[in-house]
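Structure first, then comments.
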Amino acid sequence: MFQTEQQTIEARIKAFCTANGIPLSVLEWKPIPFSGEWGMSTSFFAVAAAEARLGKKIDVAQRAQEIAEQVQSQVSGVPGLSHAEAVKGYLNLFFDTQEYTRRVVETVLDQKDRFGSGPATGQRVMIEFSHPNTHKAFHVGHLRGTILGDAICRILEFAGYDVVRANYPGDMGLHVIKWLWGYLKFHNGEEPSADITKWMGEIYAEASKRLEEDPDLETEVRSVYARWDKREPQIVALWERTREWSLEGFRQMYAALDVRFDVYYFNSQEEKSGKEIVEELVRRGIATDERSQGGAVIVKIDEVLGLAKEQFHTAVVLRSDGTALYATEDLALALHKFSDYPDLAKSLYLVDVRQSLHFTQIFKILEIAGHEQARKSGHISYELVTLPGNVVMSSREGTVVLLEDLLREATTRARAEAHKKNPSLTEAQLESVAKAVGLGALKYPMLARENTKMVTFDWKTALDFNGQASPYIQYAHVRCNSILRKAGVDITNLPPSAFDHSLEPAEVELIDWLSRFPSEVQRAAAEYKPLAIANIAYNTAKAFAGFYDACPVVQASPEIRAARLRMVAAVKQTLANSLALLGITAPEVM
RNA sequence: GCCCCUGUAGCUCAACGGACAGAGCACCUGCCUUCUAAGCAGUAGGUUGUGGGUUCGAAUCCCGCCAGGGGCGCCA
């Protein structure tokens with residue numbers, strides 16, 4: 001926001017250093033740690049260290065301070081800056097408070113829901129995420145990938161990318177065969193209940209349990225697989241019908257979560273071309289067909305690459321009985337995506353960390369085979385959601401917290417809380433607040449965490465609406481709205497404010513967080529890291545809470561009131577924008 | 001045996017190689033005739049697992065070690 005001033009200053013500093021033989025290379029600017037007012041700062045440690053390396057006998061810290069002091073005199077009188085100071089080797093340039101505040105607030109109010117967005121990059125990126133398995137339950141473990149993927153898409157779009165949201169349900173595999181067997185044997189003819197996914201999941205869990213109790217039943221399951229492999233019409237029809245049940249359940253779930261997809265791929269549809277790729281790999285000597293010796297079709301990647309140390313290990317790309325497995329289908333899908341979208345700059349897969357090796361193998365095999373698309377493909381991994389005691393959620397073992405249950409619990413809880421806190425809410429308002437707050441409370445903990453860190457799910461934390469959580473941020477947004485409503489003025493009719501009252505520290509800190517939002521969006525996009533947004537959203541809300549407490553708005557004197565109203569409107573907008581990037585609704589009341 | 005991730009306050013987690021390592025929860029003390037207390041202010045809590053190295057400067061980068069988790073030819 002002070003690019004022009006920054007350039008002026010850089011030019012002056014560089015000129016000074018050149019004239020005085022100081023070997024300055026690059027200047028890096030960073031925000032000054034908050035100290036009641038703010039600005040940007042740079043340091044001279046690197047220059048001083050460079051001098052020391054040239055043979056001068058100097059104390060680096062001392063010399064840095066010396067340079068900072070000399071440079072300080074060069075930067076006075078730049079419009080927009082109030083003063084400069086040299087301290088501990090840093091040169092701190094303080095912005096003219098009024099001017100800076102005005103620029104930040106007016107920028108936000110001018111750009112509205114685009115504040116923080118980046119210019120169009122012209123690049124198209126595909127993110128594949130969620131990939132639920134049909135015929136299975138959808139539990140909290142799946143929620144992280146879904147929520148994370150959705151947020152990453154929102155962030156990338158906002159940052160200027162053209163995003164393709166892809167889903168890849170696992171609609172065929174051993175789990176489906178097992179389900180079909182269980183259905184035919186124990187539930188034949190039954191129709192799904194209202195909670196489709198839950199009902200499907202129960203049948204799957206039952207089938208797993210029966211198989212465990214009586215392993216002899218495996219032969220029956222295998223025969224179902226054989227019937228599928230022969231495409232026996234009866235089995236295919238049953239599969240199609242039950243698969244559709246699951247997909248309908250998923251559609252309902254995604255609607256409830258406010259997550260959407262642009263394109264669906266299904267592993268059942270990649271089977272054929274996957275097998276063709278494998279055949280080609282065998283023909284070209286990349287894959288080894290060990291089926292004649294009772295083995296599978298494999299790619300000894302390390303050997304093919306001539307690596308002495310094992311790194312990529314060996315990948316199985318086709319079962320010994322010739323049926324496809326996920327690796328077979330993933331080889332095909334990776335290419336399929338590029339034939340659908342030839343201009344993809346990147347094709348990313350958001351899949352949990354246990355699949356890391358799998359994806360490095362897939363991409364490496366395609367690369368060996370000469371498919372350049374592989375270089376544009378990548379895996380974004382994230383850690384699992386576990387239950388207390390490090391218990392991994394498993395549909396098979398029934399150690400799951402179902403999404404349906406969690407959603408219901410969270411909204412019920414949020415509704416009760418909202419009614420208690422604000423009895424004046426109408427039924428319709430209660431309904432939407434419950435949805436916004438309940439859903440936000442679920443999403444935020446999944447996003448406010450490093451992707452590589454495990455999330456331990458427990459009900460107490462999940463339903464705790466206080467502190468660093470989504471409701472706190474939503475509440476800040478509501479309070480902004482409340483002030484604007486109470487003031488009874490249309491903010492768009494207020495002229496830009498001069499902000500020439502002496503700003504309170506709380507106001508300065510608040511403005512500071514607003515100004516950082518655009519760069520955090522870029523960082524979050526570059527690192528696929530919604531955490532950056534979750535953090536700044538919280539920090540902005542926290543700064544606002546401090547402001548709310550320290551700075552009256554509605555009852556302030558006319559000039560201050562007008563200025564603060566615009567500030568509050570800017571905060572409200574920024575909070576709404578950041579929550580939107582997390583896929584969380586910003587309510588007007590709660 | 002090979003590879004990946006994690007280790008920061010009692011607990012859960014933050015911290016683009018920079019200034020004094022910060023929040024929340026829990027605990028304790030205050031604050032609702034004032035814009036919604038889902039809030040605010042304050043107290044307390046640290047050898048950033050450990051030993052080296054690089055650097056003017058390391059929680060952050062490199063190497064070793066310890067601890068926990070995960071992945072390594074026909075599950076997805």
Side-chain angles (χ1 to χ4, degrees), chain A residues 28 30 32-33 35 41 43 45-46 48-50 52 58-64 87-90 92 131 133 170 173-175 267 290 295-300 302 309-321 323 325-327 351-358 360-361 381 383-384 386 390 392 414 417-418 420-422 424 437 445 448-450 452-456 458 460-461 464-469 471-472 474-476 478-480 482-487 519-520 523 526-527 531-532 534-535 538-539 542 545-546 548-556 564 568 589-590:
Chain A
E28 282 187 10
K30 295 183 176 181
I32 303 174
S35 60
S41 81
S43 67
F45 298 112
I58 50 172
D59 176 273
V60 171
Q62 203 180 353
R63 175 59 182 153
V87 53
K88 295 180 185 173
Y90 289 85
N92 292 337
H131 29 246
N133 284 322
L174 287 176
H175 71 281
N267 70 316
E290 296 183 339
V297 180
I298 61 174
V299 180
K300 297 175 184 170
D302 293 324
K309 210 160 105 175
E310 54 174 324
Q311 185 183 347
F312 297 100
H313 305 268
T314 297
V316 175
V317 291
L318 198 67
R319 287 200 187 95
S320 50
D321 63 1
T323 56
L325 58 165
Y326 254 77
V351 187
D352 80 63
V353 66
R354 293 174 301 185
Q355 255 81 275
S356 296
L357 178 60
H358 167 76
T360 32
Q361 288 180 332
S381 75
E383 260 295 353
L384 301 178
T386 60
N390 204 20
V392 176
E417 198 75 4
K420 195 174 80 190
K421 305 279 186 192
N422 190 350
S424 69
V437 172
R449 187 138 302 151
E450 204 73 60
T452 51
K453 282 189 180 168
M454 242 177 243
V455 170
T456 303
D458 71 283
K460 188 173 172 294
T461 315
D464 186 356
F465 293 162
N466 296 314
Q468 185 162 5
Y472 178 93
Q474 292 170 313
Y475 184 57
V478 165
R479 280 172 140 188
C480 288
S482 190
I483 290 174
L484 297 174
R485 196 180 55 234
K486 275 271 159 50
S519 60
E520 285 305 300
R523 193 159 79 93
E527 299 172 20
L531 167 66
N535 277 344
Y538 173 72
N539 283 324
K542 187 167 169 55
Y548 184 92
D549 200 60
C551 307
V553 178
V554 176
Q555 302 190 351
R564 285 182 179 163
V568 169
V589 291
M590 63 188 267

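Chain letters run A, B, ... following the sequence lines, proteins first, then strands; residues in each count from 1. Predicted model, so just to flag it, every value in this text is computed and none were measured.
Evaluation of the ring-ring contact (aromatic ring centres under 6.0 Å, His included) rule for A:F45 yields A:Y90 as partners, not counting sequence neighbours. Residues meeting the salt bridge (charged side-chain N to carboxylate O under 4.0 Å, His left out) test with A:E520, sequence neighbours left out: A:R523. Remark: A:N92 engages A:E85 in a side-chain hydrogen bond (donor to acceptor under 3.5 Å, both in side chains) (not counting sequence neighbours). Considering only residues two or more places apart in sequence or on other chains, A:N267 meets the side-chain hydrogen bond (donor to acceptor under 3.5 Å, both in side chains) condition with A:E329. With sequence neighbours left out, the salt bridge (charged side-chain N to carboxylate O under 4.0 Å, His left out) criterion links A:D321 to no other residue. For A:R449, the side-chain hydrogen bond (donor to acceptor under 3.5 Å, both in side chains) criterion is met by no residue, not counting sequence neighbours. For A:Y472, the ring-ring contact (aromatic ring centres under 6.0 Å, His included) test picks out A:Y538, with sequence neighbours left out. With sequence neighbours left out, the ring-ring contact (aromatic ring centres under 6.0 Å, His included) criterion links A:Y475 to no other residue.
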Applying side-chain contact (heavy atoms from CB on, under 4.5 Å) to A:Y548 and A:I483, what does each step give before you reach the verdict?
CA-CA 10 Å; A:Y548 184 92; A:I483 290 174; 3.9 Å; yes
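When the P atom is compared between B:A21 and B:A9, the two are found 14 Å apart, to the nearest whole Å. As rounded to the nearest Å, B:A59 and B:G52 have P atoms that lie 15 Å from one another. Atom P of B:C40 sits at a distance of 49 Å from the matching atom of B:A76, rounded to the whole Å. As rounded to the nearest Å, B:A44 and B:G24 have P atoms that lie 15 Å from one another. Look at the P atom in both B:U6 and B:U43: the space between them is 34 Å, to the nearest Å.
Among B:G73, B:G39, B:A15, the nucleotide with an atom closest to any side-chain atom of A:I298 is B:G73. For A:T314, taking side-chain heavy atoms from C-beta onward, the closest of the listed nucleotides B:G73, B:A76, B:U12 is B:G73. With B:A76, B:G39, B:A38 as the candidates, the nucleotide lying closest to the side chain of A:R479 is B:G39. Across B:C20, B:A38, B:A14, the shortest atom-to-atom separation from the side chain of A:L531 is found for B:A14. Residue A:L357 places its side chain closer to B:G71 than to any other of B:C40, B:A15, B:G71. Relative to the side chain of A:K88, the nucleotides B:U12, B:A38, B:C20 differ in distance, and B:C20 lies closest.
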Quick one: what's the B/S/- string for nucleotides 23-32 of chain B, heavy-atom cutoff under 4.0 Å, read 5' to 3'?
SSS-------
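Residue A:V589 is in base contact, counting any heavy-atom pair closer than 4.0 Å across all strands shown. Using a 4.0 Å heavy-atom distance criterion, A:M454 is classed as a sugar-phosphate-only contact. Counting any heavy atom pair closer than 4.0 Å across all strands shown, A:V478 reaches a base atom. Counting non-hydrogen atoms under 4.0 angstrom, A:N92 reaches a base of the nucleic acid. Residue contacts shown for A:A476 are absent, as no nucleic acid heavy atom lies under 4.0 Å away. Residue contacts shown for A:H358 include a base, since a base heavy atom lies under 4.0 Å away. When heavy atoms are screened at a 4.0 angstrom cut-off, A:L318 is found touching no nucleic acid atom at all. Within the 4.0 angstrom heavy-atom criterion, base atoms lie near A:G295. Base contact: A:F465 has a heavy atom under 4.0 Å from a base atom. Using a 4.0 Å heavy-atom distance criterion, A:E290 is classed as making no nucleic acid contact. Across all strands, A:N133 comes closer than 4.0 Å only to sugar-phosphate atoms, never to a base (heavy-atom distances). A:C480 comes within 4.0 angstrom of nothing in the nucleic acid, heavy atoms only. Counting non-hydrogen atoms under 4.0 angstrom, A:A48 reaches nothing in the nucleic acid.
Side-chain contact of A:H358 with A:Q361: a donor-acceptor pair under 3.5 Å is absent, judged by distance alone.
Atom CG of A:N267 is separated from atom P of B:A76 by 8 Å (rounded to the nearest Å). Between the P atom of B:C75 and the CG atom of A:L174 lies a distance of 6 Å, rounded to the nearest Å. In this structure, A:E527 places its CD atom 13 Å from C1' of B:A15, rounding to the nearest Å.
Side-chain atoms of A:S43 stay outside donor-acceptor range of the base of B:A19, with no qualifying N/O pair under 3.5 Å.
Here A:T323 contributes atom OG1 and A:L318 contributes atom CG; the two are 6.5 Å apart, rounded to the nearest 0.5 Å.
With its glycosidic angle within 90° of 0, B:G73 adopts the syn conformation. The glycosidic torsion of B:C32 lies within 90° of 0, placing the base in the syn range.
For the pair A:V455 and A:K300, both in contact range of RNA chain B, the more 5′-proximal nearest nucleotide belongs to A:V455. When the nearest nucleotides of RNA chain B are assigned to A:K486 and A:H175 by heavy-atom distance, the more 5′-ward of the two goes with A:K486.
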Using Watson-Crick and G-U wobble pairs whose two distances are both under 3.5 Å, how do you write the pairing of RNA chain B as dot-bracket, with | for links to another strand?
(((((((..((((....[...))))..((((.......))))......(((((..]....))))))))))))....
Give each protein N/O atom lying under 3.5 Å from an N/O atom of nucleotides 3-5 of chain B, with the pair distance.
{"from": "B:C3", "atom 1": "OP1", "to": "A:K309", "atom 2": "NZ", "distance (Å)": "3.0"}
{"from": "B:C5", "atom 1": "O2'", "to": "A:T452", "atom 2": "O", "distance (Å)": "3.1"}

Polar atom pairs (N or O), protein with nucleotides 53-61 of chain B, under 3.5 Å:
{"from": "B:C56", "atom 1": "OP1", "to": "A:R53", "atom 2": "NH2", "distance (Å)": "3.4"}

